[in-house]
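These notes are about the structure you will find just below.
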Amino acid sequence: MELTIREERPDDCRTVGELVEAAFRPLVFSDHTEHLLVARLRRSEAFVPGLSLVAEAEGRLVGHVLLTRLEVVAEDRSAATVLGVAPLSVLPGLQNRGIGSALLREAHRRAVRAGFGAALLVGHADYYPRFGYVPASRFGIRFPFDAPDACCLAAELVPGSLGGVHGTVRYPAAFFGETPEA
Ligand SMILES: CC(C)(COP(=O)(O)OP(=O)(O)OC[C@H]1O[C@@H](n2cnc3c(N)ncnc32)[C@H](O)[C@@H]1OP(=O)(O)O)[C@@H](O)C(=O)NCCC(=O)NCCS
C-alpha cells in the first residue's frame, strides 16, 4: 500500500471528520467527540497551518493527525509554547500497518521546520514511547487532568528544548468545547 502524507486541504475536512469519528468509535475510553474537537481546533487560534496532516492511500484518506499550540505555564506565570498532539486517527480496518507511525513522524519533522521544539499528549503508554515520548512529569510538566502519569507524555523534538520548561499545561478553550472565535 503506497502511502502519501500531506497537509490537509479545505475539501478534506468532512472526510477527516468521518475518519476521526470512525477511528475512535470502538474505544470505550472515548467520549466519541474527537471529530468535533478537530473542527473546533481548526477554527481556533491554537491551529498551526501545515500541522493538520492526512495519510492518503489509493486515492482515499486513511489517517489524520493534528498538532496545535499549547502553553506550559510556570508558577511565576511565564509560559512556554509547545505543541499538543490530538487526535491521531487511523481507519479501523487499516490499523497496525504503520500509518499512525508515518503520520506522527512526518508531523514531528514538519513541527521542527515550523520552529517548534516539543510536543505533548495524553495517550497510549505503550504506543508513544517509540516516538521519543516519556512521562511529562520527568520535565516537571503537569497536565490539568486526572490521567495516569504513564499516559501524560512529552517529547523533545529538538534535543534539550524542554530544559527549563515546567509547570502546568494550559489547553486552549477549544479543547473544552468552547468556541470563542466562532
Ligand atoms: C493508535 C493508532 C493511531 C495507531 O496507529 P496505527 O497505524 O494503527 O499503528 P502503527 O501501525 O503505526 O503502529 C503499530 C504498533 O502500534 C501498536 N498499537 C496500535 N494501536 C495501539 C494502541 N491503541 N495502544 C497501544 N499500542 C497500539 C501496535 O500494537 C503495533 O505495535 P508493534 O509495532 O510493537 O507491533 C490507531 O490504532 C488508531 O487510530 N486507534 C484508534 C484511535 C486512537 O486510539 N488514537 C490515539 C489516541 S491516544
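Note that ligands are numbered from 1 as they come in the structure, with each ligand's atoms numbered from 1 the same way. Keep in mind that the numbers below use all heavy atoms, side chains included, and drop hydrogens, waters and symmetry copies. Index from 1, following the sequence.
- The ligand atoms of ligand 1 that sit less than 4.0 angstrom from a heavy atom of L27 are 41 (C), 42 (C), 43 (C), 44 (O).
- Linking ILVMFWY residues whenever their side-chain heavy atoms come closer than 4.5 Å, directly or via other members, places L67 and L37 in the same cluster.
- Nearest non-hydrogen protein atom to atom 9 (O) of ligand 1 is Y127 OH, 3.4 Å.
- Close approach of ligand 1 to S101 (heavy-atom distance below 4.0 Å) involves ligand atoms 10 (P), 12 (O), 13 (O).
- Counting heavy-atom neighbours within 6.0 Å of R6 CZ, excluding the residue itself, gives a total above 12.
- Those atoms of ligand 1 that come under 4.0 Å of a heavy atom in R97, given as number and element, are 11 (O).
- Relative ring orientation between Y171 and F176 is described as perpendicular, the plane-to-plane angle rising above 60° on a 0-90° scale split at 30° and 60°.
- In summary, the atoms of ligand 1 found under 4.0 Å from a heavy atom of G123, numbered by their order in the structure, are 48 (S).
- Close approach of ligand 1 to F24 is summarised as follows: ligand atoms under 4.0 Å from at least one heavy atom of the residue are 42 (C), 43 (C), 45 (N), 47 (C).
- In terms of heavy-atom proximity, P129 sits nearest to D126 at CD-C, 4.0 Å.
- With respect to atom 38 (C) of ligand 1, the closest heavy atom belonging to the protein is Q95 NE2, 3.4 Å.
- Regarding atom 44 (O) of ligand 1, its nearest protein heavy-atom neighbour is H124 NE2, 2.8 Å.
- When atom types are taken as modelled, the side chain of R69 and the backbone of V48 share no donor-acceptor pair closer than 3.5 angstrom.
- Between the side chain of E8 and the backbone N or O of V54 there is no donor-acceptor pair closer than 3.5 Å.
- Nearest protein neighbour of atom 14 (C) of ligand 1, counting heavy atoms only, is N96 OD1, 3.5 Å.
- Summarising the geometry, atom OG belonging to S89 is positioned 13.0 Å from atom CD belonging to E18; distances are rounded to the nearest 0.5 Å.
- Nearest protein neighbour of atom 48 (S) of ligand 1, counting heavy atoms only, is Y128 OH, 3.4 Å.
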R97/L3 under side chain to side chain contact (heavy atoms under 4.5 Å, CB included): CA gap, chis, key distance, verdict: CA-CA 11 Å; R97 298 190 191 191; L3 197 66; over 6 Å; no

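- Of all the atoms in ligand 1, the ones that sit under 4.0 Å from a non-hydrogen atom of S89 are 39 (O).
- At least one heavy atom of G98 sits closer than 4.0 Å to an atom of ligand 1.
- Nearest protein heavy-atom neighbour of atom 41 (C) of ligand 1: A23 O, 3.4 Å.
- Nearest protein heavy-atom contact of atom 39 (O) of ligand 1 is V90 N, 2.8 Å.
- Considering only heavy atoms from C-beta on, L70 comes within 4.5 Å of P172 through its side chain.
- Considering all non-hydrogen atoms of both residues, I5 and A55 come closest at CD1-CB, 3.7 Å.
- Put simply, the residue from F116, Y128, Y133 that forms a ring-ring contact (aromatic ring centres under 6.0 Å, His included) with H108 is Y133.
- Checked by atom type and distance alone, the side chain of R130 pairs as donor or acceptor with a backbone atom of Y127 at under 3.5 Å.
- Listed by number with element, the atoms of ligand 1 under 4.0 Å from a non-hydrogen atom of G100 are 5 (O), 6 (P), 7 (O), 12 (O).
- Looking at ligand 1, you'll find an N or O of L88 within less than 3.5 Å of one of its N or O atoms.
- Protein heavy atom closest to atom 15 (C) of ligand 1, with residue, atom name and distance, is R130 NH1, 3.2 Å.
- Distance check for atom 3 (C) of ligand 1: a protein heavy atom is found below 4.0 Å.
- Ligand 1 does not have E34 within reach: every non-hydrogen atom of the residue lies 4.0 Å or more from it.
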